[in-house]
Amino acid sequence: MMVLVPLLLALWLGAPNGGCALPPSCLQPPAKWCSSLDSAVQCGVLKQCLESDFRRTRQTDDPVQVGLYYESLCPGCRLFLTRMLFPTYLLLNEIMSVTLVPYGNAQEKPDGQKYTYECQHGKDECLGNMIETCMMNMTEMAFPIIFCMESSADVISSAESCLKIYDPDLSMDKVMSCVNGDIGMQLMHQNALKTKALNPPHQYVPWITINGEHSDDQQEKAMTSLFSLVCSTYKGKKPAACGGAEKIHYKSYCHNE
Ligand SMILES: *[C@@H]1O[C@H](CO)[C@@H](O)[C@H](O)[C@H]1NC(C)=O
């Protein structure tokens, strides 16, 4: 799992230049090391480049807002999150924002001053939803951590190692004190409210909203190619990844002489 993101990126972005002898990019000043995947890999800073990508402020004021209402153990949710949403976000994060709401078909019951939850796939799913919710509240690296968890064989038991990879400064103990405490419960209650406020109400998960709205058509498009949907929905200047004006950046051929 740990190698999945770099691997994916290497496959997508590394391949076009793979066979050409490019000058070693790390001879350039360090500030340029993240300018391409090749140089990030050559200079051994891929992880740092990925992190800075997640931390950097968004470049557009009007990103396409993708909402995902899901459950931590629902197979279709895991597939969509790991194979569609996260990879799309890696390529299009300049023009899209992602809101994850782990709750889905859970049931909330008031219990005195508190709430208790029942989840479609059992107690572990409630725990997974809660861990992910707390992480979103505690670290900017929540999305890659959640991606890491959801693509692991065991969503729950991978949480700690996924956290260590992407945010080694945050301890799992701290996350668990949110999970087992009032903050976690408040945050989960917010998820419940957001999910119940969906209009139209969700009929299944994963349930996708685009700019806050859901339709069968958008859902179908998102499930088929979220990448195309985000590119076509975005009203501003298309980024290079969408095949915008700067597409020449990706065009480099090695000719057979
Ligand atoms: C974390 O949750 C608390 C309590 O609901 C909230 O006040 C705070 O704004 C949240 N922080 C982030 C970064 O989401």
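Just so you know, ligand 1 is whichever comes first in the structure, and atom 1 is the first atom listed for that ligand. As the structure is a computational prediction, the values presented were derived from the model and not from experiment.
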Engineer: Going by distance alone, is a donor N or O of one side chain under 3.5 Å from an acceptor N or O of the other, for Thr233 and Asn211?
Structural biologist: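 No.
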
Engineer: Determine the interplanar angle of the Phe86 and Phe143 rings, folded into 0 to 90°, and report it as parallel if under 30°, tilted if 30 to 60°, perpendicular if over 60°.
Structural biologist: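 Plane angle over 60°, so perpendicular.
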
Engineer: Check each N or O atom of ligand 1 against all protein N or O atoms and list the pairs under 3.5 Å, with atom names and distances to 0.1 Å, one per line.
Structural biologist:
| from | atom 1 | to | atom 2 | distance (Å) |
| --- | --- | --- | --- | --- |
| ligand 1 | 2 (O) | Asn137 | OD1 | 3.2 |
| ligand 1 | 2 (O) | Asn137 | ND2 | 2.4 |
| ligand 1 | 11 (N) | Asn137 | ND2 | 2.8 |
| ligand 1 | 14 (O) | Asn137 | ND2 | 3.0 |

Engineer: Tell me yes or no: between the side chains of Tyr117 and Glu108, is some donor less than 3.5 Å from an acceptor?
Structural biologist: yes

Engineer: Which heavy atom in Met136 sits nearest to a heavy atom in Ala142, and how many Å separate them?
Structural biologist: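 Smallest interatomic distance, heavy atoms only, reads CA-CB, 3.6 Å.
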
Engineer: Report all side-chain donor-acceptor pairs from residues 197-204 shorter than 3.5 Å, counting only partners two or more places apart or in another chain.
Structural biologist:
| from | atom 1 | to | atom 2 | distance (Å) |
| --- | --- | --- | --- | --- |
| His202 | NE2 | Gly104 | O | 3.3 |
| His202 | NE2 | Asn105 | OD1 | 2.8 |

Engineer: Does Leu170 have more than 12 heavy atoms from other residues, nucleotides or ligands lying within 6.0 Å of its CG?
Structural biologist: yes

